[in-house]
Amino acid sequence: MSKHLIIIGIVCFLMIGAFSVNAEKSTELFIPIGQSPGLSGKYTVMGKVEQVNSQNQTLKMSGASGSYTVKMTQRTFIYLDRSKAQLSNIYGTLADCKAGDVVEVKFEDNSRSKPIEWIKVQKSQ
């Protein structure tokens with residue numbers, strides 16, 4: 001009997017852990033650019049878009065720590081931060097990224113040599 005309780009406890013623990021990871025990703029949409037707790041400034045890079053290459057799914061950006069060309073994948077989330085216009089944030093596409101836009105990117109596995117997990121694009125309207 002106690003063996004079954006231990007197994008059930010382990011399964012519940014793993015399910016709760018998986019739910020919290022998914023919950024974090026699903027709430028990222030609602031967090032304004034530069035304000036992601038535990039991520040912004042530590043595991044993310046902020047800057048301005050210099051160039052967008054939709055064919056290669058890349059974006060060139062410049063920030064305080066230099067220039068980056070970041071690669072997107074089909075798994076990359078694009079969030080449009082419209083909080084400055086007092087509008088709700090929404091999901092976007094690469095077509096929403098324009099030269100001059102302020103962006104924040106988070107790389108997969110927190111490695112700047114990997115594609116980006118998500119990008120937030122600040123929009124004023």
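Everything numeric here is computed off the predicted structure, so don't read it as measured data.
Between atom CD of residue Q122 and atom CD1 of residue I33 there is a gap of 5.0 Å, rounded to the nearest 0.5 Å. We find the NZ-NZ distance between K114 and K106 to be 11.0 Å, quoted to the nearest 0.5 Å. Here the OG1-CD1 distance, from T44 to I116, works out to 11.5 Å after rounding to the nearest 0.5 Å.
Across V49 and V103, no two heavy atoms sit closer than the pair CG2-CG1, 3.5 Å. When all heavy atoms of W118 and T76 are compared, the closest pair comes out as CA-CG2, 4.2 Å. Of all the heavy atoms in N53 and L94, the pair that sits closest is O-CD2, 4.3 Å. Across every non-hydrogen atom of S83 and N89, the tightest pair is N-OD1, 3.5 Å.
Judged purely by atom type and a 3.5 angstrom limit, K123 has no side-chain atom pairing as donor or acceptor with the backbone of A85.
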Without placing hydrogens or testing angles, list every side-chain donor-acceptor pair under 3.5 Å for residues 57-64, not counting sequence neighbours.
residue: Q57; atom: NE2; partner: S54; partner atom: O; Å: 2.9
residue: S62; atom: OG; partner: E50; partner atom: OE2; Å: 3.0

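There is no path of hydrophobic side-chain contacts, each under 4.5 Å, that joins V121 to V102. Taking hydrophobic clusters as Ile, Leu, Val, Met, Phe, Trp and Tyr residues chained together by side-chain heavy-atom distances below 4.5 Å, I90 does not share a cluster with F30. Note on Y79 and M46: separate hydrophobic clusters, where clusters join Ile, Leu, Val, Met, Phe, Trp and Tyr whose side-chain heavy atoms are under 4.5 Å apart, directly or indirectly. V45 and M72 end up in the same hydrophobic cluster when Ile, Leu, Val, Met, Phe, Trp and Tyr side chains are linked at under 4.5 Å. Criterion: ILVMFWY side-chain heavy atoms under 4.5 Å apart, direct or through other members. Under it, L80 and V52 are part of a common hydrophobic cluster.
Y43 places a side-chain heavy atom less than 4.5 Å from the side chain of N110.
Sorted by first and then second residue, the pairs that involve residues 70-95 and meet salt bridge (charged side-chain N to carboxylate O under 4.0 Å, His left out), not counting sequence neighbours, are R75-E108.
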Verify side-chain hydrogen bond (donor to acceptor under 3.5 Å, both in side chains) between S36 and K120, making sure each step is shown before the conclusion.
-> CA-CA 11 Å; S36 295; K120 290 183 185 178; 3.0 Å; yes

